[in-house]
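Right, one structure below, let's go through it.
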Amino acid sequence: MSETRHNWTKEEILEIYNTPLMELLYNAATIHRKHHDPNTVQVSTLLSIKTGGCPEDCGYCPQAARYHTDIEGNDLMTVQHVKAQALRAKSSGSSRVCMGAAWRNVKDGEEFDQVLEMVRTINKLDMEVCCTLGMITENQAQRLAEAGLYAYNHNLDSSEEYYKEVISTRGYEDRLETIDNVRKTNVTVCSGGIIGMGEKAEDRAGMLVALSTLNPQPESVPINALVAVEGTPLEDQTPVSIWDMVRMVATTRIVIPETQVRLSAGRTEMTREGQAMCFFAGANSIFAGDKLLTTPNPDVTKDMEMFKLLGLNPQKPFIKKMQPESIEAENSQYQPLGEKPKWSRPEHTIERNLEAKEKAKAIK
Ligand code: SF4
């Protein structure tokens with residue numbers, strides 16, 4: 001088995017990314033077969049448990065309150081609602097439910113307690129539970145772990161340099177700190193990014209440097225193609241080509257060999273042939289369900305048809321790591337600390353955010 005390296009340089013990764021395509025595909029597929037069953041793909045269902053009204057300024061996100069999109073916001077879902085959705089996801093082949101809340105960071109209190117109850121409920125359905133709730137402290141990560149959380153998602157989005165062009169309300173180091181807090185528990189890390197935001201190949205390589213040099217490397221790496229939503233600062237971005245997507249998947253597979261490479265947003269724009277090429281290049285996870293938080297996603301029956309056509313099988317839960325135990329709230333070892341962590345607010349502005357602000361004012 002090839003050894004996992006934690007010292008990749010940007011130059012080395014760029015060289016891989018720019019390898020002639022057939023050679024790149026062959027190299028990635030070879031590494032993929034050494035570490036994974038090439039006919040198994042993990043299926044996750046992404047559930048937006050609290051939509052819209054987010055105070056952050058992520059340039060790609062229709063849930064940021066400051067942009068003028070037609071997203072309908074809603075308050076935190078009830079535990080019963082989440083349970084019903086999880087059961088539906090399970091019956092259609094999903095082994096994991098990922099719950100996303102449009103928060104800057106987690107705050108101790110009733111809402112977080114409700115999320116912890118959701119985690120316990122889904123874990124008891126024998127499904128892997130993942131959350132993406134924004135920045136979290138170590139104590140909050142421990143409480144999630146105790147409730148039975150299997151994975152925590154916190155994307156790096158892009159290279160450290162390009163990140164500043166897309167987000168100004170928090171820094172790259174805050175992202176890394178949250179990942180580090182999750183790493184102090186037995187919860188696995190899911191972290192990846194988005195291509196097609198106007199970044200260069202160097203930035204894509206830069207993001208993979210940041211992810212591959214983490215030790216251990218993330219257990220899951222989502223690769224998203226930007227879904228340019230009207231009203232966001234990135235609404236006019238040219239859609240990313242399938243060739244870029246395949247190159248990114250293959251390069252990720254080579255530099256982070258043991259991870260589950262997750263084909264995420266942007267699949268509606270991809271043909272089955274394109275997706276098949278991504279699976280060949282090492283993608284071994286998809287998000288199912290007709291929505292990815294707020295953007296469209298292929299219908300799950302269509303996905304299952306594609307699986308049949310390609311001879312792929314959905315992965316069973318807890319293949320990579322044992323199912324965690326769920327400790328009930330009354331037996332918890334961790335108390336809410338009511339911390340007010342000083343997550344940074346970098347002092348830079350992004351020109352296109354200013355333009356979006358002006359546009360929003362003009363619409364009003
Ligand atoms: S990506 Fe997350 S943190 Fe950023 S604006 Fe959207 S919901 Fe908020």
Side-chain angles (χ1 to χ4, degrees), residues 46-77 98-107 111-112 115 130-137 140 144 151-160 162-179 181-182 189-199 207 221-235 237 262 264-266 287 291-297 341 343-346 348-350 352-357 360:
L46 190 51
L47 207 59
S48 184
I49 56 169
K50 190 266 164 192
T51 310
C54 182
E56 299 298 271
D57 72 346
C58 309
Y60 50 80
C61 184
Q63 300 200 66
R66 65 190 69 206
Y67 305 138
H68 227 82
T69 65
D70 58 4
I71 292 303
E72 246 182 69
N74 62 268
D75 295 339
L76 190 62
M77 269 186 192
C98 181
M99 298 186 281
W103 290 331
R104 168 174 165 83
N105 59 284
V106 168
K107 295 191 181 86
E111 291 201 315
F112 185 43
V115 173
C130 173
C131 280
T132 180
L133 312 169
M135 297 176 287
I136 54 172
T137 63
Q140 291 164 340
L144 283 163
Y152 194 84
N153 165 269
H154 202 61
N155 289 335
L156 288 184
D157 290 340
S158 192
S159 65
E160 184 164 7
Y162 199 71
Y163 182 90
K164 296 191 185 85
E165 301 293 320
V166 183
I167 298 159
S168 73
T169 47
R170 54 172 194 270
Y172 211 67
E173 63 286 358
D174 295 312
R175 311 291 285 172
L176 290 167
E177 196 179 325
T178 285
I179 292 174
N181 287 338
V182 175
V189 169
C190 172
S191 185
I194 308 173
I195 64 169
M197 300 192 292
E199 78 288 344
M207 178 182 87
V221 177
I223 303 294
N224 295 276
L226 176 76
V227 177
V229 180
E230 210 184 317
T232 62
L234 297 183
E235 64 181 355
Q237 283 299 323
R262 209 166 280 280
S264 303
F287 277 118
K291 280 226 168 131
L292 269 196
L293 295 179
T294 58
T295 55
N297 198 46
W343 300 106
S344 74
R345 280 203 183 269
H348 74 280
T349 38
I350 305 174
R352 67 173 161 235
N353 279 354
L354 295 175
E355 283 166 22
K357 232 184 197 170

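Numbering of ligands and ligand atoms starts at 1, following listing order. The basis for the numbers below is simple: all heavy atoms, side chains too, and nothing from hydrogens, waters or symmetry mates. Note that this is a predicted model, so its numbers are computed, not measured.
Close contacts between ligand 1 and Cys54 involve ligand atoms 3 (S), 5 (S), 7 (S), 8 (Fe) [criterion: under 4.0 Å to a heavy atom]. Close approach of ligand 1 to Arg170 is summarised as follows: ligand atoms under 4.0 Å from at least one heavy atom of the residue are 3 (S). If you number the atoms of ligand 1 from 1 as listed, the ones under 4.0 Å from a heavy atom of Tyr60 come out as 1 (S). The Ala102 neighbourhood of ligand 1 comprises atoms 7 (S), with distances under 4.0 Å to a heavy atom of that residue.
Going from atom CG of Asn153 over to atom OG of Ser264 covers 8.5 Å, rounded to the nearest 0.5 Å. From Glu165, atom CD reaches atom CG of Leu234 across 10.5 Å, with rounding to the nearest 0.5 Å. Between the CG atom of Asn181 and the CD1 atom of Ile136 there is a distance of 6.5 Å, given to the nearest 0.5 Å.
At the top of the distance list for atom 6 (Fe) of ligand 1, counting protein heavy atoms only, stands Cys61 SG, 2.3 Å.
Residue-environment remark: CG (Asp75) stays at or below the threshold of 12 foreign heavy atoms within 6.0 Å. Residue Glu173 qualifies as enclosed at atom CD: its count of foreign heavy atoms under 6.0 Å is above 12.
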May I have the step-by-step check of side chain to side chain donor-acceptor pair (under 3.5 Å) for Tyr60 and Asn224, ending in yes or no? CA-CA 11 Å; Tyr60 50 80; Asn224 295 276; over 6 Å; no
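Within the 2.8 Å limit, Cys58 places at least one N, O or S atom next to atom 4 (Fe) of ligand 1.
For atom 8 (Fe) of ligand 1, a protein heavy-atom neighbour is present inside the 4.0 Å cut-off.
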